[in-house]
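One structure is given below, encoded as structure tokens.
To find a chain, count down the sequence lines: A is the first, B the second, and so on, and within it residues start at 1.
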2 protein chains.
Amino acid sequence: MKRKVTLKQIAKELDVSISTVSKSLRNSLEIGEETRLKVQAFAKFYNYRPNNIALSLKNRKTKTIGIIIPEIVHHFFSTVINGIEHVANENGYSVIICLSDDSFDKEVRNMEMLANGSIDGFIMSLSKETQFKGDYHHISEVIDQGMPVVMFDRVSDEILCDKVIIDDKLAAYEAVQSLIDKGRKKIALVTTVDYVSVGKLRTDGYTKALLDNGLPFNEKLIIKIEDVDTCEIIIGKLLEDKAIDAVFAVNELFAVTSIKAANKIGLNVPKDLAVIAFTDGIISKYSTPTITTVSQSGVKMGNRAAKMLIDRLESETEQEEDENYTTEVIETHLIERESTN
Amino acid sequence: MKRKVTLKQIAKELDVSISTVSKSLRNSLEIGEETRLKVQAFAKFYNYRPNNIALSLKNRKTKTIGIIIPEIVHHFFSTVINGIEHVANENGYSVIICLSDDSFDKEVRNMEMLANGSIDGFIMSLSKETQFKGDYHHISEVIDQGMPVVMFDRVSDEILCDKVIIDDKLAAYEAVQSLIDKGRKKIALVTTVDYVSVGKLRTDGYTKALLDNGLPFNEKLIIKIEDVDTCEIIIGKLLEDKAIDAVFAVNELFAVTSIKAANKIGLNVPKDLAVIAFTDGIISKYSTPTITTVSQSGVKMGNRAAKMLIDRLESETEQEEDENYTTEVIETHLIERESTN
DNA sequence: TTTCAACACTATTACGTTTTCGTAAACCAA
DNA sequence: TTGGTTTACGAAAACGTAATAGTGTTGAAA
């Protein structure tokens, strides 16, 4: 077992100073060719690599991005990570990932943990509980200390920082409009509880589409799912009670569950019931029938978020306080599949 | 914008030495109560937190685990990460994740990057290309330097280290046996190319189950998918040509594709064709019909892997070279759903 | 002979901690 | 007064690196 070799050890072995070794390895002209080559050969032989931690301490930057997301076993979030990781990697950054499990406390703990020097900046999406509480002090604190933060998807207006989002309202509007265009008149909305920012926006889009088309807005056609496990029953009841001819679901799970519930009571999708889901994931692609979705490119979101963060990190000329924060909107589009016709 | 405060700044401000500040904050008895309380109050006011990087450098440990996996937009892998992250977090560790994209080069690059002091140990699953090449020098090198490595799922016998796996052969055997028990006689295997270790093992289990039950082994009933996009056609042809009555697929995607192919040529699942998939993921649960799977608990695997790594890290009394590596086998079980009857 | 420059290398500092060792002052006992 | 112990603190080293600011030697120009 050979431990990692350091500049000091090489210096001692070759009987020169640490500075000479350091400069030789960086091909400094200050060092004579003979010494330089000797040091390089020795370093290569012992497979010398500079210690990242020492470099981080010295340079005051870690070349590491901290990611805080609610969960990772989730198609959209893992897609975003994928997007972040690739851009980060291309630029010589690593990513360190922490999960909030949709818990406020864990989000706070994780951020504090990383903020003490471990990373150069954050990319994050708010936990449900944080959105519910509306308490963002941990984030403003970090920003206050001069650490850049980029938020994506689940963001908050109360925090001033760079953001990457999709136009949830518009996307929802277009999805519902497409249902209306196909002659659907009684469109249900299956969504989450209100405090999740994106859920709210999608509801707004849904409502607006109905009103713009002169369709009646019926509160009863909106169901807010709290517990995923029981949602099939709730949806089933909705389908039976009201004469629904289309469902707009804010995620894949609700969509596929709607289809199953419909099948159970003898409704055919898409003939009797059209279904559109938000978020294009793996379920929609492989479900039977395949599901029409609003694509929400996680990869692109991750790419953009990483780019924004890195740009800010590299431009930071140490004192300039521009703070011209931007919010990027990633375009969405409808992927038509079998669940609508 | 208030920058992070350091011991040095506090010391200067209060006109004491750095050591006094440090000791005060750790409640050392060496320091008089008055000074101690004064320092603590000051530190609290300025929200002092020790710099992680400096601590890492001093302690020669980062409290960070490096994870190298082929991809992250993948139910199984993200589940494993979830399992790792939770155990890591409970023990005060962070996780830093790198993706190999199933590329040998990227796997090597990422490992080298992290091995230079950024992390205390690795948890990894081999990339396809690495398994194909059979070149594991980057891993042995890391181990050689005294950095613990725990491998999971896609492992190699050529590397001596702790491992967490499932008994792929046995699990496959039991899955196929269950098909046979239900009267299926002509069972096809839809698998990946051979060099992926788990694919090979699952094939072995399939073969053994057939032979043990006196069923004919027919090479033609095994199809090895290289390209996911064209697999529906290939599977469709298999179903039409041979009178298959069951499919054992090594992953969910192949299983759901088989079902779609079957439906297309008028076969009913499970009546005409039974289907079992390896890996219990989200597709199987929401497909129509739902798919019987071999559960391969990623969370449990991640938990165990993290536990093994942390145990080794914390036990390392700096010199003992036990090297009593263990391989843990996570139990699997069959989750019966609609695709078999 | 002096002066200056070029060369080849070294010492030192700084990043932020913790810890070991040291020491001055105060107190006490003999 | 001497010697010893306790109290309360500080100096310095160490972790590994890179950059700035030297230092000493040689050779050549003035």
[atom1] of [X] versus [atom2] of [N]: gap in Å, rounded?
X: B:Lys63; N: C:dT17; atom1: NZ; atom2: P; answer: 18 Å
X: B:Ile31; N: D:dT6; atom1: CD1; atom2: P; answer: 18 Å
X: A:Arg36; N: C:dC7; atom1: CZ; atom2: P; answer: 14 Å
X: A:Asn116; N: C:dT17; atom1: CG; atom2: C1'; answer: 13 Å

Which heavy atom of [X] sits nearest a heavy atom of [Y], and at what distance?
X: A:Val95; Y: A:Ala88; answer: CG1-CB, 3.9 Å
X: A:Thr130; Y: A:Leu126; answer: CG2-CD2, 3.9 Å
X: A:Ile119; Y: A:Gly121; answer: CD1-O, 3.3 Å

Requested in this report: Go along nucleotides 12-22 of chain D 5' to 3' and tag each nucleotide: B for a protein heavy atom under 4.0 Å from its base, S when only backbone or sugar atoms are that close, - otherwise.
Outcome: B-BBBBBBBB-
Query - Side-chain ion pair, A:Asp153 and A:Lys163, N-O less than 4.0 Å - result: no
Heavy-atom side-chain contact between [X] and [Y] under 4.5 Å:
X: B:Met151; Y: B:Cys161; answer: yes
X: A:Ile165; Y: A:Val329; answer: yes
X: B:Tyr325; Y: B:Arg312; answer: yes

Query - Whether over 12 other heavy atoms sit under 6.0 Å from B:Phe132 CZ - result: no
Requested in this report: For B:Thr35, answer base if it contacts any base atom (sugar-phosphate contacts may also be present), sugar-phosphate if it contacts only those atoms, and nothing otherwise; contact means non-hydrogen atoms under 4.0 Å.
Outcome: sugar-phosphate
Report summary line: Axis-to-axis angle for the helix from C:dT1-D:dA30 to C:dA30-D:dT1, ends of five pairs each, to 10°, equals 90°
